[in-house]
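Since the structure comes first, as structure tokens, the remarks are kept for the end.
Model, not experiment: these values are computed from the prediction. In what follows, chains are A, B, ... by sequence order, proteins preceding strands, each numbered from 1.
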There are 2 protein chains.
Amino acid sequence: MTDAVTHASAGLAPETAARLRDRIITGRLRPGERLSEARLAAEMSVSRNTLREVFRLLVHEGLLTHLPHRGVSVAVPSMAGVLDIYRLRRLIEIPALAQAWPRHAAVARMGAEVAQAQAAQAAGDWRGVGSANMRFHAGIVALADSPRLTAFFAQAMAELRLAFGLLDDPEQLHAPFLQDNAAIIDLLQAGDPQAAAARLADYLDRSERVVMTAFARREHAAGAGGRGA
Amino acid sequence: MTDAVTHASAGLAPETAARLRDRIITGRLRPGERLSEARLAAEMSVSRNTLREVFRLLVHEGLLTHLPHRGVSVAVPSMAGVLDIYRLRRLIEIPALAQAWPRHAAVARMGAEVAQAQAAQAAGDWRGVGSANMRFHAGIVALADSPRLTAFFAQAMAELRLAFGLLDDPEQLHAPFLQDNAAIIDLLQAGDPQAAAARLADYLDRSERVVMTAFARREHAAGAGGRGA
DNA sequence: AGCGCCTGATTGTTCAACAATCAGCCCCGC
DNA sequence: GCGGGGCTGATTGTTGAACAATCAGGCGCT
């Protein structure tokens with residue numbers, strides 16, 4: 001499992017995009033940081049042209065922002081953006097879950113994700129908990145059986161994760177919500193999607209409040225020099 | 001109003017993308033047609049590199065498909081794709097309309113689009129009717145006040161329009177639905193978003209049926225040599 | 001007739017160059 | 001002393017050409 005060149009059967013640009021995406025999500029590249037084409041191209045051992053292609057990809061995913069003639073920088077999550085994404089999540093996840101077929105194939109995957117999240121929690125791997133949680137909610141969207149919606153949602157969640165990366169305390173962020181996921185699965189398998197959807201709505205409200213609170217606190221203390229992680 | 005170089009303040013690649021998008025939507029480039037990089041680059045007077053950037057954009061929008069080492073072609077709309085998009089429309093448009101604030105700024109825009117569509121209908125400009133209709137439904141989505149959702153929906157509608165382009169009879173496609181739009185506006189302004197949403201749901205069912213019927217007929221007659229338009 | 005190889009064409013990637021634009025700075029005039 | 005104009009250096013935007021990798025189709029060989 002070397003970090004370099006896992007296996008680039010999909011072409012160099014997508015692989016480089018994945019590497020850069022990882023750097024952004026793990027926080028090695030900080031929001032607002034400017035990305036010089038020449039420097040980064042040399043550092044990642046790809047040509048400037050290929051890197052530009054990568055940039056287009058990640059800009060479209062919302063992880064980078066592009067200003068004409070001023071280059072690209074890592075997107076800085078805004079409170080407006082976080083609010084927008086939670087509005088999205090309500091609009092998409094709740095109906096998807098409410099009208100779900102309880103024996104849908106995605107339900108099994110969601111159960112697996114809950115187990116994986118619990119395992120990661122036991123191992124103290126908070127990043128893993130977050131990943132599993134996101135895949136769980138991607139599973140909810142998959143219940144709607146729309147490839148386009150699934151792709152779009154994954155993109156929005158990646159952007160949300162960017163905001164998570166800004167916050168300090170990943171444990172407090174994800175831990176209280178693991179039981180919600182388990183409860184949602186139970187209600188769904190019990191044949192009561194409406195109750196599951198209600199529980200999901202409640203989860204979204206609480207999750208949003210936690211994130212927004214932490215976000216506002218951080219934004220308030222922005223000039224105080226307290227840098228996260 | 002020259003077709004060439006409206007004003008390229010946004011850079012050459014986005015402008016070229018717009019030109020190519022227009023060629024696709026208007027049907028000058030037929031679905032399935034292969035797009036040679038070198039030939040098209042010369043024809044549009046841009047470099048191969050820039051054209052590649054354009055390709056990435058339109059591939060992500062769903063208007064082009066890319067096969068490794070075999071180049072890009074105009075996407076061929078599938079029945080599965082059309083079904084997916086209508087599933088999307090139900091999932092997005094109906095809740096957006098149902099929980100709409102009747103005095104939302106987008107309502108005025110929607111009214112204007114209805115008027116514009118009627119004007120285009122009177123002028124026999126069926127492409128204009130289609131465009132206005134799409135902007136009308138984009139307005140419905142705008143009621144949800146989510147920039148991300150709005151962008152995503154616009155993309156899906158562009159893809160749907162690709163499927164419309166395959167069908168022969170644009171009049172039959174859009175004409176019967178103009179009154180639906182007007183009724184939706186009326187119900188919304190009368191303060192009854194629920195009724196408006198119900199009407200929208202009905203519209204979506206009928207619209208989908210018309211499109212799918214025409215689509216199936218065309219697909220059935222594919223080998224018969226009857227080419228459309 | 002069936003199979004593999006070779007050839008031509010197209011795509012994928014890189015490199016180097018030039019034009020256009022931006023940010024910061026100095027110099028000049030008031 | 002202070003503000004404005006223009007210059008300078010750096011970065012991005014775009015182009016063209018080159019080379020490697022891959023695919024499609026035809027050819028000859030067995």
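There is a side-chain donor-acceptor pair under 3.5 Å between A/Arg161 and A/Ser131.
Considering only side-chain atoms of A/His66, the nucleotide from C/dT13, D/dT11, D/dG13 that sits closest is D/dG13. With C/dT10, D/dT11, C/dG12 as the choices, the nucleotide that has an atom nearest any side-chain atom of B/Arg34 turns out to be C/dT10. Comparing atom distances between the B/Asn49 side chain and each of D/dC23, D/dT14, C/dT14 picks out C/dT14 as nearest.
Take the nearest nucleotide of DNA chain D for B/Leu51 and for B/Arg48: the residue whose nucleotide is more 5' is B/Leu51. A residue-by-residue look at A/Ser47 and A/His69 shows that A/Ser47 has its nearest nucleotide of DNA chain C further toward the 5' end. Comparing A/Gly71 and B/Pro68 by the nucleotide of DNA chain D whose heavy atom lies nearest to each, the residue mapping closer to the 5' end is A/Gly71. Each of A/Ser45 and B/Leu35 was assigned the nucleotide of DNA chain C with the nearest heavy atom; the assignment lying further toward the 5' end belongs to B/Leu35.
Residue B/Glu37 contributes atom CD, which lies 5 Å from atom P of C/dT11 at whole-angstrom precision. The distance from atom CE of A/Met44 to atom C1' of C/dT13 is 16 Å, rounded to the nearest whole Å. Atom CZ of A/Arg39 is separated from atom C1' of D/dT11 by 13 Å (rounded to the nearest Å). With rounding to whole Å, A/Leu12 atom CG is found 20 Å from D/dC19 atom P. A/Glu53 places its CD atom 15 Å from the P atom of C/dC15, with the value rounded to the nearest Å. Computed from coordinates, the B/Leu67 CG to D/dA24 C1' distance equals 14 Å when rounded to whole Å.
Side-chain nitrogen and oxygen atoms of A/Thr50 include none within less than 4.0 Å of the OP1 or OP2 phosphate oxygen of C/dG12. Phosphate proximity of C/dT11 to B/Arg52: absent, as no side-chain N or O sits under 4.0 Å from OP1 or OP2.
Ring geometry, B/Phe152 versus A/Phe152: the interplanar angle falls under 30°, so the pair is classed parallel (tilted spans 30 to 60°).
For B/Arg70 against C/dG12, a side-chain-to-base donor-acceptor contact under 3.5 Å is absent.
Classification of B/Arg28 and B/Glu33 as a salt-bridged pair fails, no side-chain N sitting under 4.0 Å from a carboxylate O. For the pair A/Glu61 and A/Arg56, the salt-bridge criterion is not met [side-chain N within less than 4.0 Å of a carboxylate O].
Both cation-pi conditions hold for A/Arg89 and A/Tyr86: the charged atom is under 6.0 angstrom from the six-membered ring centre and inside a 45 degree cone around its axis.
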